[in-house]
Amino acid sequence: MFVMTTNSESSLRLTDSFRPYRDQIRFNLGQLDNDEDWAYQLWDVPDSAGWPDAPGYSDFDWNSRYIQAGGSADRMSVEIQRVENGELRHYVIGRAHDVDEPLTETVNVAGTNHAVHPAEVFDADEATEIFFHYFGDSGTVPDGYVLRHLDLS
C-alpha cells in the first residue's frame, strides 16, 4: 500500500475510492500552494507491516524511501529517496540535462529557496506522471529523467 503525507505531518493511505489513483495523485499535487499545502510525499508500506497501528509498527521502518514534491502546483521540485547498496540516497529528479550544469533556478518550499536546474522545475501535470510511474513501477522514475544526487549528511 502507499501512504501519502502532506507537509511532513499528515498521513493517509492512498486510495482510489474517490477517484482513480492517477487522478488522486494529480489532485493532491494540484493542491500545493506553497502556503497551507507545500509538500506532498508518497511512500510504500507492505500490507503485512500493519500501518498505522499494528503492535511494533514504526513509520521509521518505511517512510525513509519515498518520492516527494515541494512548492506550488505550477512550480515544484520533485525528489526521490531510496536505498542503494545499503545506504539512503536522496536525489532531485529532472528532465534530461547535464547534472553538473549550474543551478540557476529556485523553487520556494515553505519559505525556503531551493536551488535547482531549470530542467528540475515541474508543474503538477508533469509531476503526476513521475509520481504515478513511481507508484506503479516499484519506486522508479520514468525513462528520460535524470537524478541529481543531494548529499544530506
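Only this structure's heavy atoms are used, side chains among them; waters, hydrogens and symmetry mates stay out. Note that the numbering runs from 1 along the sequence shown for the chain.
Ion pairing between a basic and an acidic side chain is recognised when a charged N comes within 4.0 Å of a carboxylate O; Arg148 and Glu101 show no such pairing. Salt bridge Glu120/Arg95: absent, no basic N to carboxylate O contact under 4.0 Å. Look at Glu87 and Arg89 and you find no salt bridge, because none of the NZ, NE, NH1 or NH2 atoms lies under 4.0 Å from a carboxylate O. Taking 4.0 Å as the cut-off between side-chain N and carboxylate O, Arg65 and Asp44 do not count as a salt-bridged pair.
Rounding to the nearest 0.5 Å gives a distance of 9.5 Å between CG of Asn34 and OG1 of Thr112. Distance check: Thr6 OG1 to Leu12 CG gives 7.0 Å after rounding to the nearest 0.5 Å. Distance check: Ile80 CD1 to Leu150 CG gives 12.5 Å after rounding to the nearest 0.5 Å. From Met4, atom CE reaches atom CG of Leu42 across 8.0 Å, with rounding to the nearest 0.5 Å. Between atom CD of residue Gln81 and atom CG of residue Leu88 there is a gap of 5.0 Å, rounded to the nearest 0.5 Å. Atoms OG and CG, on Ser72 and Leu32 in that order, are 7.5 Å from each other to the nearest 0.5 Å.
Among all heavy-atom pairs drawn from Phe131 and Ala69, the shortest one is CZ-N, 3.6 Å. For the residue pair Gly30 and Ala73, the shortest heavy atom distance occurs at O-CB, 3.6 Å. In this structure, Ala119 and His97 approach most closely via the heavy-atom pair CB-ND1, 3.5 Å. In terms of heavy atoms, Ala127 sits closest to Met76 at CB-SD, 3.6 Å. Of all heavy-atom pairs between Thr15 and Ser17, the closest is OG1-OG, 2.8 Å.
Side-chain contact, His117 with Glu105: no donor N or O sits under 3.5 Å from an acceptor N or O.
Two residues are said to be in side-chain contact when any heavy atoms from C-beta on lie closer than 4.5 Å; Asp123 and Leu29 fail this criterion. In this structure, the side chains of Val92 and Leu147 stay at 4.5 Å or more apart for every pair of heavy atoms. The side-chain heavy atoms of Trp43 and Ser11, taken from C-beta on, include a pair separated by under 4.5 Å. Residues Glu129 and Pro142 are not in side-chain contact: their nearest non-hydrogen atoms beyond the backbone lie 4.5 Å or more apart.
Tested against Tyr40 for a side chain to side chain contact (heavy atoms under 4.5 Å, CB included), the candidates Ile67, Asn28, Val78, Asn7 yield a single pass: Asn28.
Without hydrogens or angle criteria, Asn113 side chain to Thr106 main chain gives no donor-acceptor distance under 3.5 Å. No side-chain donor-acceptor contact under 3.5 Å links Arg75 to the backbone of Asn108.
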>> Under the criterion side-chain hydrogen bond (donor to acceptor under 3.5 Å, both in side chains), I'd like the reasoning laid out for Ser77 against His114: C-alpha separation, chi angles, the key distance, then a yes or no.
In response: CA-CA 9 Å; Ser77 62; His114 296 266; over 6 Å; no
>> Under the criterion side-chain contact (heavy atoms from CB on, under 4.5 Å), I'd like the reasoning laid out for Thr140 against Tyr134: C-alpha separation, chi angles, the key distance, then a yes or no.
In response: CA-CA 5 Å; Thr140 66; Tyr134 180 92; over 6 Å; no
> Between Tyr66 and Gln41, is a side-chain hydrogen bond (donor to acceptor under 3.5 Å, both in side chains) present by the stated rule, with each step listed?
Replying inline: CA-CA 7 Å; Tyr66 55 79; Gln41 182 181 80; 4.6 Å; no
> Step by step, would you call Glu84 with Tyr91 a side-chain hydrogen bond (donor to acceptor under 3.5 Å, both in side chains)?
Replying inline: CA-CA 12 Å; Glu84 294 175 353; Tyr91 298 94; 2.7 Å; yes
>> Working note: Arg13 + Phe2, criterion side-chain contact (heavy atoms from CB on, under 4.5 Å); need CA distance, chi angles, decisive distance, verdict.
In response: CA-CA 6 Å; Arg13 182 180 185 157; Phe2 276 83; over 6 Å; no
> For Tyr145 and Glu126, what are the C-alpha separation, side-chain angles and deciding distance, and is it a side-chain hydrogen bond (donor to acceptor under 3.5 Å, both in side chains)?
Replying inline: CA-CA 12 Å; Tyr145 289 91; Glu126 188 172 5; 2.8 Å; yes
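Counting heavy atoms of neighbouring residues, nucleotides and ligands inside a 6.0 Å radius, atom CG of Asp143 does not exceed 12 of them.
Other members of the hydrophobic cluster containing Trp38, listed by chain and number, are Val107, Val109, Val116, Val121; membership follows side-chain contacts under 4.5 Å among ILVMFWY residues, whether direct or relayed.
In this structure, the ring of Tyr21 has its center less than 6.0 angstrom from the ring center of Phe135.
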